[in-house]
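Below: one structure, written as structure tokens.
Since we're looking at a predicted model, the values are computed, not measured. Note that these values count all heavy atoms, side chains included, but never hydrogens, waters or copies made by symmetry.
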Amino acid sequence: MSEAVRVVVILLILVAFLASRPLEIWLWRTGRIPDRIAALLLVGRLPLFVAVIALVSTASWPAALFAVAVAALAPFLLYRRTLRFLDDEAARRGLRDRRRP
């Protein structure tokens, strides 16, 4: 894969990750996706982005796996906190009564 193609692929994936965020927020506020899925979408962006970059780049497999493991550490630690934040935000906005059970 040429360098130009790699850069284009990484940029397209980055744009997709950034462009999908408002849609995810809208889906969460309307109650179409639950808090747990929204939390996973919020904290799961970094490891997924690092994994795609590791696959597209010329990094060795051990280096790529190490980078993905390090990138997955923060979401693993922040998942519960993000879930609590979404719960507090839904309560503050009065979204709890409109949400699906």
Exercise. Taking only residues two or more places apart in sequence or in another chain, which ones pass side-chain contact (heavy atoms from CB on, under 4.5 Å) with Phe66?
Worked result: Val70
Exercise. Can you get from Phe49 to Val5 by hopping between Ile, Leu, Val, Met, Phe, Trp and Tyr side chains that sit under 4.5 Å apart?
Worked result: yes
For this session: State, yes or no, whether a side-chain contact exists between Trp61 and Leu55 at a heavy-atom distance under 4.5 Å.
Result: yes
Problem set entry | Stepwise side-chain contact (heavy atoms from CB on, under 4.5 Å) check, Ile10 with Val52 | CA-CA 8 Å; Ile10 290 172; Val52 169; 5.7 Å; no
Exercise. Okay, side chain of Arg36, backbone of Leu83: is any donor-acceptor separation there less than 3.5 Å?
Worked result: no
For this session: Grab the two heavy atoms, one from Pro47 and one from Ala72, that are nearest each other, plus how far apart they are.
Result: CG-CA, 3.8 Å
Exercise. Any link between Trp26 and Leu42 through a network of hydrophobic side chains (Ile, Leu, Val, Met, Phe, Trp, Tyr) touching at under 4.5 Å?
Worked result: yes
Problem set entry | Salt-bridge present (Arg45, Glu24; N to O < 4.0 Å) | yes
Exercise. Shared ILVMFWY cluster between Val50 and Val9, side chains joined below 4.5 angstrom?
Worked result: no
Exercise. Atom CZ of Arg84 and atom CG of Asp35: how far apart are they, to the nearest 0.5 Å?
Worked result: 13.0 Å
Exercise. Can you tell me how far CG of Leu77 sits from OG1 of Thr82, rounded to the nearest 0.5 angstrom?
Worked result: 10.5 Å
Problem set entry | Under the side-chain hydrogen bond (donor to acceptor under 3.5 Å, both in side chains) test, residues paired with Arg80 that sit two or more places apart | none
For this session: Starting at OH of Tyr79, measure out to CG of Leu40 and round the result to the nearest 0.5 Å.
Result: 4.5 Å
Problem set entry | Counterpart residues, side-chain contact (heavy atoms from CB on, under 4.5 Å), relative to Ile25 (two or more places apart) | Arg21, Arg29
Problem set entry | Ala38: partners by side-chain contact (heavy atoms from CB on, under 4.5 Å), with sequence neighbours left out | Trp28, Ile33, Leu86
Exercise. Can you get from Val56 to Leu18 by hopping between Ile, Leu, Val, Met, Phe, Trp and Tyr side chains that sit under 4.5 Å apart?
Worked result: yes
Seminar exercise, completed: The salt bridge (Lys or Arg N to Asp or Glu O under 4.0 Å) partners of Glu89 (sequence neighbours excluded) come to Arg92, Arg93
Problem set entry | side-chain contact (heavy atoms from CB on, under 4.5 Å) involving Leu11 - partner list, sequence neighbours excluded | Val7
Exercise. What distance separates Leu41 CG from Ile37 CD1, expressed to the nearest 0.5 Å?
Worked result: 7.0 Å
Problem set entry | Side chains of Leu48 and Phe17 in contact at under 4.5 Å (non-hydrogen atoms) | yes
